[in-house]
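Owing to the predicted nature of the structure, the values given are computational and were not obtained by experimental measurement. Below, each value reflects all heavy atoms present in this structure, side chains not excepted, and no hydrogens, waters or symmetry copies. Start at 1 and go down the list; that is how both ligands and their atoms are numbered.
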Amino acid sequence: MSGPRYRIAVLPGDFIGPEVIDATLQVLETLSARAGFTLELERQPFGGSALDAYGQPLPEATKQACLGSDAVLMGSVGGPVGDHPWNRVPRELRVESGLLGLRKHLGVYANLRPVTVFAGLEHLSPLKAEVASGTDLLIVRELTGGIYFGKPSQNTPERGLSTDVYERFEVERIARVAFTAARERGGPVTSVDKANVLDVSQFWRDVVVGVHRSEFADVELDHLYVDNAAMQLVREPTRFDVIVTANLFGDILSDLAAVIPGSLGLLPSASVGGSVSLFEPVHGSAPDIAGLDLANPVGTMLSAVMMLRHGLGQPHAATALEAAVGHALAEDPTVDLGGSRGTAAFTAAVIAALPRSIAPDAAPA
Ligand code: NAD
Ligand code: IPM
Ligand code: MN
């Protein structure tokens, strides 16, 4: 086929990872054919399955393939929480360390996690419809620093130690991502920290204020402590537009925010700022529902939307896919949202909702 070709490194991962990836690739196959571009997919071992097969969660060949691609599309990795062979290995061989290693290797320091309640889908939220309605916020999570990476880090019989550290350049660059996004979206930035207790958070706040003053004075900025931010997020989500926060706080707040649209399975993410961008759902490998046709593939499909829009420059295909996902959710959502569709039936519904032709001037579905 003529038209642009893109090399996509595909990392299915573990448990429901391959299920949500297969669902998304099925949709992308139809979409790309109709939109006139080609995805060259290179499946790579990653996660617990790679640990079993190659003795490490992030094999060198996988790293190289990711670096040589136009974008990386990932499912999710990890084993069951609790006693499991993948949880009995040294920290550096853990599946989760493989994921941190991949993010660091690609240099993707900014993790964009949008949380949107699509119009007409308020009823999927466990919150009152009037609270959830209109939610459209973006969590900008710092991804390659903070307590996830700080040294020293230690676990001995007598002592557990992790270090939360941020360098000035790390806070400045994530603040710029957040302010730039807020300027485009026309909303305020809320910086979330724990500056009342932690020196690293006071530093974070001071640097964010400095970047704001010198480069983004036109954007509204406020600050919340993370405990209050968690409460405000579910009490009045529409008061937020862009939230910028450190690695660990962003991890926790984004799972919490998934409750607003109705399921962790809905949330997508894009990790940017490095040599190649990484697109992955917010959720984990959900071993409790793996193999049962219960995985909600929407988070991965919407990650593919972010990949098409921001990574590959295919905005019309992105919009068509997003609309088809919204249409399928409105008809009958997946089981986690109280609907009746399994992964396969939901995927078929998304494909059925794709427009026949996707050209720059094609009408939306
Ligand atoms: P999880 O996100 O896998 O699951 C939490 C809950 O949400 C479970 O009840 C699960 O069934 C449900 N859920 C998650 N995704 C869903 C989906 N798409 N559709 C329907 N329901 C869904 O979190 P966990 O149980 O704490 O962690 C399991 C494993 O995943 C661990 O090994 C953890 O380290 C790993 N993990 C990986 C990633 C990633 O790959 N990015 C993210 C988070 C957790
Ligand atoms: C996420 C996950 C990861 C994180 C883990 C699995 C390393 O929870 O992507 O949200 O904490 O970043
Ligand atoms: Mn997480």
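- The protein atom (non-hydrogen) at minimum distance from atom 2 (O) of ligand 1 is Gly284 N, 2.7 Å.
- Asp14 and Ser49 share a side-chain donor-acceptor pair at under 3.5 Å.
- The contact set between ligand 1 and Met74, taken as ligand atoms under 4.0 Å from a residue heavy atom, comprises 40 (O).
- In this model, a donor atom of one side chain and an acceptor atom of the other lie less than 3.5 Å apart for Asn228 and Gln232.
- In this model, a donor atom of one side chain and an acceptor atom of the other lie less than 3.5 Å apart for Gln64 and Glu60.
- At the top of the distance list for atom 40 (O) of ligand 1, counting protein heavy atoms only, stands Val77 N, 2.9 Å.
- No cation-pi contact links Arg176 to Phe216, judged by a cut-off of 6.0 Å to the six-membered ring centre and 45° from its axis.
- What sits closest to atom 2 (C) of ligand 2 on the protein, heavy atoms only, is Asp251 OD1, 4.0 Å.
- Residue Gly299 places no heavy atom under 4.0 Å from ligand 1.
- Counting protein heavy atoms only, atom 11 (O) of ligand 2 is closest to Tyr148 OH, 2.6 Å.
- Shown here for Ser125 and Ile260, the closest heavy-atom pair between the two residues is OG-O, 2.6 Å.
- Atom numbering of ligand 1 starts at 1 in the shown order; those under 4.0 Å from a heavy atom of Glu280 are 41 (N).
- Of all heavy-atom pairs between Pro355 and Arg34, the closest is O-NH1, 3.1 Å.
- Remark: ligand 1 atoms within the under-4.0 Å shell around heavy atoms of Gly78 are 32 (O).
- Judged purely by distance below 3.5 Å, without hydrogens or angles, the side chains of Arg309 and Gln314 never pair a donor atom with an acceptor atom.
- Protein heavy atom in closest approach to atom 13 (N) of ligand 1: Ala286 CB, 4.0 Å.
- Counting heavy atoms only, Gly79 comes closest to atom 32 (O) of ligand 1 of the residues Gly79, Pro297, Pro80, Gly17.
- Trp86 and Asp52 are linked by a side-chain donor-acceptor pair at a separation below 3.5 angstrom, with hydrogens and angles left out of the test.
- In this structure, atom 35 (C) of ligand 1 has a protein heavy-atom contact shorter than 4.0 Å.
- Atom 24 (P) of ligand 1 has as its closest protein heavy atom Val81 CG2, 4.1 Å.
- In this structure, Arg141 is part of the shell of residues with a heavy atom less than 4.0 angstrom from ligand 2.
- Here Ile16 has side-chain heavy atoms under 4.0 Å from ligand 1, and that is the only part of it that gets that close.
- The protein heavy atom nearest to atom 9 (O) of ligand 2 is Arg103 NH2, 2.7 Å.
- Considering all non-hydrogen atoms of both residues, Leu354 and Ala320 come closest at CD2-O, 4.1 Å.
- Close approach of ligand 1 to Gly265 is summarised as follows: ligand atoms under 4.0 Å from at least one heavy atom of the residue are 17 (C), 18 (N).
- Scanning the protein heavy atoms around atom 6 (C) of ligand 2, the nearest turns out to be Glu96 CG, 3.8 Å.
- Heavy-atom distances between Ser263 and ligand 1 stay at or above 4.0 Å for every pair.
- A donor-acceptor pair shorter than 3.5 Å cannot be found between the side chains of Gln202 and Arg205.
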Next item on the list: Could you go through the side-chain hydrogen bond (donor to acceptor under 3.5 Å, both in side chains) check for Asn296 and Thr334 one step at a time?
Entry: CA-CA 6 Å; Asn296 184 341; Thr334 43; 3.1 Å; yes

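- The environment of Asn196 atom CG is dense: over 12 non-hydrogen atoms of other residues, nucleotides or ligands sit within 6.0 angstrom.
- An N or O contact shorter than 3.5 Å is missing between Ile289 and ligand 1 by distance.
- Salt bridge Asp83/Arg88: present, at least one basic N to carboxylate O contact under 4.0 Å.
- A cation-pi contact, defined as under 6.0 Å to the ring centre and within 45° of the axis, is absent between Arg7 and Phe37.
- Under 4.0 Å from ligand 1, the heavy atoms of Val282 that appear belong solely to its backbone.
- For the 3.5 Å distance criterion, the side chains of Arg94 and Asn87 qualify, holding a donor opposite an acceptor.
- Heavy-atom contacts of Ser76 reach the following atoms of ligand 1: 40 (O) (cutoff under 4.0 Å).
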Item checked: Asp241/Arg185 under salt bridge (Lys or Arg N to Asp or Glu O under 4.0 Å): CA gap, chis, key distance, verdict -> CA-CA 8 Å; Asp241 192 46; Arg185 295 165 58 99; 2.9 Å; yes

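- Given atom 6 (C) of ligand 1, the protein heavy atom at minimum distance is Leu264 CD2, 4.5 Å.
- The closest approach between a heavy atom of Arg113 and any atom of ligand 2 is below 4.0 Å.
- Checked by distance only, ligand 1 and Asn296 come closer than 3.5 Å through their nitrogen or oxygen atoms.
- In this structure, the protein non-hydrogen atom closest to atom 28 (C) of ligand 1 is Pro287 CD, 3.8 Å.
- Judged by a 6.0 Å distance limit and a 45° cone about the ring axis, Lys194 is not positioned over the six-membered ring of Phe249.
- At least one N, O or S atom of Asp251, from either the backbone or the side chain, sits less than 2.8 Å from the Mn ion (ligand 3).
- Considering backbone and side-chain N/O of Val20, none are found under 3.5 Å from N/O of ligand 1.
- Only side-chain heavy atoms of Asp288 come within less than 4.0 Å of ligand 1; its backbone N, CA, C and O stay farther off.
- Looking only at protein heavy atoms, the nearest one to atom 30 (O) of ligand 1 is Ser285 N, 3.1 Å.
- Within a 6.0 Å radius of CD in Gln56, more than 12 heavy atoms belonging to other residues, nucleotides or ligands are found.
- In the vicinity of Leu99, heavy-atom distances shorter than 4.0 Å reach the ligand 1 atoms 39 (C), 40 (O), 41 (N).
- Not a single N or O atom of Ala295, backbone or side chain, sits closer than 3.5 Å to an N or O atom of ligand 1.
- Residue contacts with ligand 1, taken as heavy atom pairs separated by less than 4.0 Å, involve Glu96 solely via side-chain atoms from C-beta onward.
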